[in-house]
Amino acid sequence: GAARIRRRIALDIFEGVETANNPGARVLLNNPDVQGVRFNDSADKQVLTMIRVPGEFDSTGTTKLFLYWTRQDSGSGNVLWKAAHVAVTPESSDLVTAAAVMDGFASSAVPGVNAIKEDAVVLSAAGWSTGDVVSIRIFRNATSALDTFDGGRPILLATVAANVVNLPA
């Protein structure tokens, strides 16, 4: 029989800084070899990225967006990260009619200064199909009352983990 496996897909969030409306700012962290995207606390900053749904995608499993992030400033509070996504089938007219699905979570504790934290958003990917192109908008909902941390937040890396069926040879 077929086995289910998890596959991680790295997202190019830095390209999304150039294309997003009200984008986060690209920043160097305290280590000159590490770059992030800063999401400040005064506006809902965002990045855009796209993935292609892998072959043999299993829509019955859990699909997650993993965010690896840090902070460079002091303070405490919660950060509300959200993701909106739209799946479009190639060679169709879905691009203008597809509705975005919104998923989100509140981080209960910010990481220590310059420490990396992993958080995950479960994506409602039941409508995704193998070969679909999915546009993902990642943003900090800084204007929400649930987002209580004053200060910027860079995201270091984002990945999507999806279940795929590993077919026997």
Side-chain angles (χ1 to χ4, degrees), residues 6-29 33-55 57 59 61-72 78-107 110-111 116-144 146-147 149-164:
R6 302 283 290 166
R7 178 182 296 174
R8 286 214 181 195
I9 303 166
L11 303 178
D12 185 356
I13 60 171
F14 299 111
E15 180 179 300
V17 169
E18 319 312 332
T19 58
N21 179 24
N22 200 21
R26 197 184 291 229
V27 295
L28 286 175
L29 302 181
D33 297 321
V34 181
Q35 185 172 215
V37 178
R38 182 176 291 283
F39 291 80
N40 67 26
D41 62 344
S42 60
D44 294 344
K45 300 290 186 180
Q46 60 188 335
V47 295
L48 296 171
T49 190
M50 295 183 92
I51 63 167
R52 183 146 187 158
V53 177
F57 173 70
S59 63
T62 302
T63 301
K64 292 183 179 181
L65 169 67
F66 287 91
L67 304 176
Y68 301 92
W69 60 285
T70 187
R71 66 184 172 118
Q72 293 180 293
N78 294 338
V79 173
L80 183 60
W81 293 113
K82 287 196 170 187
H85 50 95
V86 176
V88 177
T89 303
E91 305 298 328
S92 74
S93 59
D94 292 353
L95 188 59
V96 293
T97 59
V101 176
M102 185 75 67
D103 295 303
F105 65 91
S107 176
V110 294
I116 294 176
K117 181 174 185 181
E118 177 189 83
D119 279 317
V121 177
V122 175
L123 299 178
S124 305
W128 296 11
S129 298
T130 295
D132 281 357
V133 176
V134 180
S135 176
I136 301 173
R137 179 170 59 99
I138 304 166
F139 65 102
R140 178 182 176 187
N141 197 180
T143 57
S144 168
L146 298 175
D147 189 307
F149 189 88
D150 335 338
R153 287 283 155 293
I155 290 182
L156 301 179
L157 172 69
T159 62
V160 171
N163 283 338
V164 296

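Since the structure is predicted, the reported quantities are computational estimates derived from the model, not experimental observations.
In terms of modelled atom types and a separation under 3.5 Å, the side chain of Thr130 and the main chain of Phe57 share a donor-acceptor contact.
The shortest non-hydrogen separation linking Ala120 to Lys64 is CB-CD, 4.1 Å. Of all the heavy atoms in Ser135 and Met50, the pair that sits closest is CA-CG, 4.0 Å. Taking both residues in full, the closest heavy atoms of Ala83 and Phe139 are given as N-CE2, 4.4 Å, listed atom of the first, atom of the second, then distance. Shown here for Arg52 and Gly131, the closest heavy-atom pair between the two residues is NE-O, 3.1 Å.
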**Request:** Give the C-alpha distance, both sets of side-chain angles, the deciding distance and a yes or no for side chain to side chain contact (heavy atoms under 4.5 Å, CB included) between Val47 and Ile138.
**Result:** CA-CA 5 Å; Val47 295; Ile138 304 166; 4.0 Å; yes

**Request:** In sequence, state the C-alpha distance, the side-chain angles, and the governing distance for Leu146 and Asn78, and then conclude on side chain to side chain contact (heavy atoms under 4.5 Å, CB included).
**Result:** CA-CA 7 Å; Leu146 298 175; Asn78 294 338; over 6 Å; no

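For the atom pair Ile9 CD1 and Thr159 OG1, the distance stands at 9.0 Å (nearest 0.5 Å).
In summary, of the residues considered (Thr63, Val160, Asp132, Val133), a side chain to side chain contact (heavy atoms under 4.5 Å, CB included) with Val53 occurs for Asp132 alone.
Contact annotation: the side chain of Val122 never approaches that of Asp103 to less than 4.5 Å [non-hydrogen atoms, C-beta and beyond]. Residues Arg140 and Phe149 have side chains in contact (heavy-atom distance under 4.5 Å, counting atoms from C-beta outward). Inter-residue side-chain proximity for Leu65 and Trp81 is flagged as unmet; no heavy-atom pair is nearer than 4.5 Å. Contact check for Ile136 versus Thr49: side-chain heavy atoms found under the 4.5 Å cut-off. Side chains of Val79 and Phe39 form no contact here, defined as non-hydrogen atoms less than 4.5 Å apart. The shortest distance between side-chain heavy atoms of Val110 and Trp69 falls below 4.5 Å.
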